[in-house]
Amino acid sequence: MLARAARGSGALLLRSAVQASARPPRRASSGLPRNTVVLFVPQQEAWVVERMGRFHRILEPGLNILIPVLDRIRYVQSLKEIVINVPEQSAVTLDNVTLQIDGVLYLRIMDPYKASYGVEDPEYAVTQLAQTTMRSELGKLSLDKVFRERESLNANIVDAINQAADCWGIRCLRYEIKDIHVPPRVKESMQMQVEAERRKRATVLESEGTRESAINVAEGKKQAQILASEAEKAEQINQAAGEASAVLAKAKAKAEAIRILAAALTQHNGDAAASLTVAEQYVSAFSKLAKDSNTILLPSNPGDVTSMVAQAMGVYGALTKAPVPGAQNSVSTRSGRDVQGTDANLDEELDRVKLS
């Protein structure tokens, strides 16, 4: 019977040792001091005192006095910020990818009474809660979103821990994911996806560059055509302006020459000078016959220069005569008959030239 009891107690001790080794060491306690009546509590520590096995009070930093035998320091809680490494664990994402992920937890004890009597081991409880919450939050996200939304994932884990740990007197300040380990095959697939995305981006950039180049070339040709047309338009305008100026200058020169000629004809022997000029022009024109074309129109007596000059001077005299007032109709009738006679004479001359 004693051997059976010894074996049972040994198995109990072994089970307790295994559980103790699985749990992380407690960092919220700096050891239990003995009751020496006069105690000095360090800053940022809270000592929980029990009197006759029942909670009595929490000692403040500084000098404190306790009753021996009756008072006992049961718990010592640290009020500093505590950093806990969350062990690596596996989690499955929304798209069924298994990840190995670990993190760091930052917490602080806000209520030493709840931390002492609300849970057996606050740090171990918070660590387990962080692991389960992490697995739950990762199951809501796909693999791509896990890498993009790490901040929101950390914030969700902190909110979930604070809701559950409020009754323990613990507040989670921050949670940071340290490493995310992806399976090798998934990692290779992600690498191939990244390479394909880069090749796609390079192809798109190359096509955009080709398009921009074609657009620039077309725009350059368009601008060149517009500039060429504007230059041609300006050239035509300048040419037309030059021709108009030339015609105007010629007209002014001819008008000035006619005025000078008219003034010269009114002087003494002006008719003789005009006859001489007409004779010179007739001789000059007669010398150029049959040089440009084989068709020649000749008067009936081309050798009679005197008659040609007389006829030209007669026409000039008829044109220079002023019309008599009140006889405009008679003049117009006479000029009409003269024109008709002149046309008839021209027709006769043409007939003679054809016969000759």
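All values below were derived from every heavy atom in this structure, side-chain atoms included, with hydrogens, water molecules and symmetry-related copies excluded. Note that the numbering runs from 1 along the sequence shown for the chain.
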Could you tell me whether the side chain of W47 reaches within less than 4.5 Å of the side chain of P61, counting heavy atoms only? no
Measuring only between side-chain heavy atoms, which start at C-beta, is R51 closer than 4.5 Å to R57? no
Those residues at least two apart in sequence (or on a different chain) that pass side-chain contact (heavy atoms from CB on, under 4.5 Å) with A46 are I58, L79, P112
Quick one: does S90's side chain get under 4.5 Å of I101's, heavy atoms only? no
Shortest non-hydrogen pair, N85 vs K178, comes out as OD1-NZ, 4.0 Å
Let me confirm one number: the CD-CD distance from Q191 to E195, rounded to the nearest 0.5 Å. 5.0 Å
By side chain to side chain donor-acceptor pair (under 3.5 Å) - contacts of Q100 (at least two apart): none
For the pair E123 and I82, evaluate side chain to side chain contact (heavy atoms under 4.5 Å, CB included) and give the outcome as yes or no after the intermediate values. CA-CA 9 Å; E123 296 182 15; I82 303 171; 4.2 Å; yes
Inspect the surroundings of CZ in R135 and state if more than 12 heavy atoms from other residues, nucleotides or ligands are less than 6.0 Å away. yes
Answer yes or no: is there a donor N or O on one side and an acceptor on the other, between the side chain of Q89 and the main chain of Q131, under 3.5 Å? yes
Got a second to check how far L153's CG is from F147's CZ, nearest 0.5 Å? 11.5 Å
Evaluate the criterion salt bridge (charged side-chain N to carboxylate O under 4.0 Å, His left out) for residue pair E208 and R201; output intermediate values, then yes/no. CA-CA 10 Å; E208 289 181 355; R201 193 178 305 170; over 6 Å; no
Check: V104 and I84 side chains under 4.5 Å, non-hydrogen atoms: no
Regarding D144 and S142, is there a side-chain donor-to-acceptor distance under 3.5 Å anywhere? no
A130 and L105: which non-hydrogen atoms are nearest, and at how many Å? CB-CD2, 4.3 Å
Under 3.5 Å, is there a donor-acceptor pair between the side chain of S213 and the main chain of G209? no
Is the side chain of D166 donor-acceptor paired with the backbone N or O of N162 at a distance under 3.5 Å, no angle test? no
Which residues satisfy the side-chain contact (heavy atoms from CB on, under 4.5 Å) test with V92, sequence neighbours excluded? N96, T98
Using a 4.5 Å cut-off on heavy atoms from C-beta on, say whether the side chain of L63 contacts that of V38. yes
Working note: V76 + V48, criterion side chain to side chain contact (heavy atoms under 4.5 Å, CB included); need CA distance, chi angles, decisive distance, verdict. CA-CA 6 Å; V76 175; V48 179; over 6 Å; no
Are the side chains of D102 and I180 in touch, meaning some heavy atoms are under 4.5 Å apart? no
Who are the side chain to side chain donor-acceptor pair (under 3.5 Å) partners of E219, not counting sequence neighbours? Q223
Residue pair L173, E81: steps toward the side chain to side chain contact (heavy atoms under 4.5 Å, CB included) verdict: CA-CA 9 Å; L173 303 178; E81 186 172 346; 3.5 Å; yes
Any chance the side chains of S78 and Q44 put a donor and an acceptor closer than 3.5 Å? no
Hey, does V182 have a side-chain heavy atom less than 4.5 Å from the side chain of L99? yes
State which residues pass side-chain contact (heavy atoms from CB on, under 4.5 Å) with R72; sequence neighbours excluded, sorted by chain then number. R74
Would V41 and N64 satisfy side chain to side chain contact (heavy atoms under 4.5 Å, CB included), going step by step from the backbone distance to the final call? CA-CA 7 Å; V41 180; N64 294 273; 3.3 Å; yes
Under the rule for side chain to side chain donor-acceptor pair (under 3.5 Å), what residues qualify as partners of R150, not counting sequence neighbours? none
Just verifying a value: how many Å separate E206 CD and T210 OG1, rounded to the nearest 0.5 Å? 5.5 Å
Do you reckon Y113 sits in the same ILVMFWY cluster as M110, going by side-chain contacts under 4.5 Å, direct or chained? no
Rounded to the nearest 0.5 Å, what separation is found between the CD atom of Q193 and the CD atom of E188? 14.0 Å
I'd like to check L66 versus I73 (side-chain heavy atoms, cut-off strictly below 4.5 Å). Are they in contact? yes
Correct closest heavy-atom pair for V49 and L59 would be CG2-CG, 3.5 Å
In this structure, CD of E50 is separated from OG of S116 (nearest 0.5 Å) by 9.0 Å
Keeping S207 on the side-chain end and V204 on the backbone end, is there a donor-acceptor pair under 3.5 Å? yes
Considering all heavy atoms, the nearest L141-T93 contact: O-CB, 3.4 Å
What distance do T203 atom OG1 and R198 atom CZ have between them, rounded to the nearest 0.5 Å? 14.0 Å
I need the minimum non-hydrogen distance between A91 and L138, along with the two atoms involved. CB-CD1, 3.4 Å
Show the nearest heavy-atom pair for residues L129 and A165, with the distance to one decimal. CD2-N, 4.5 Å
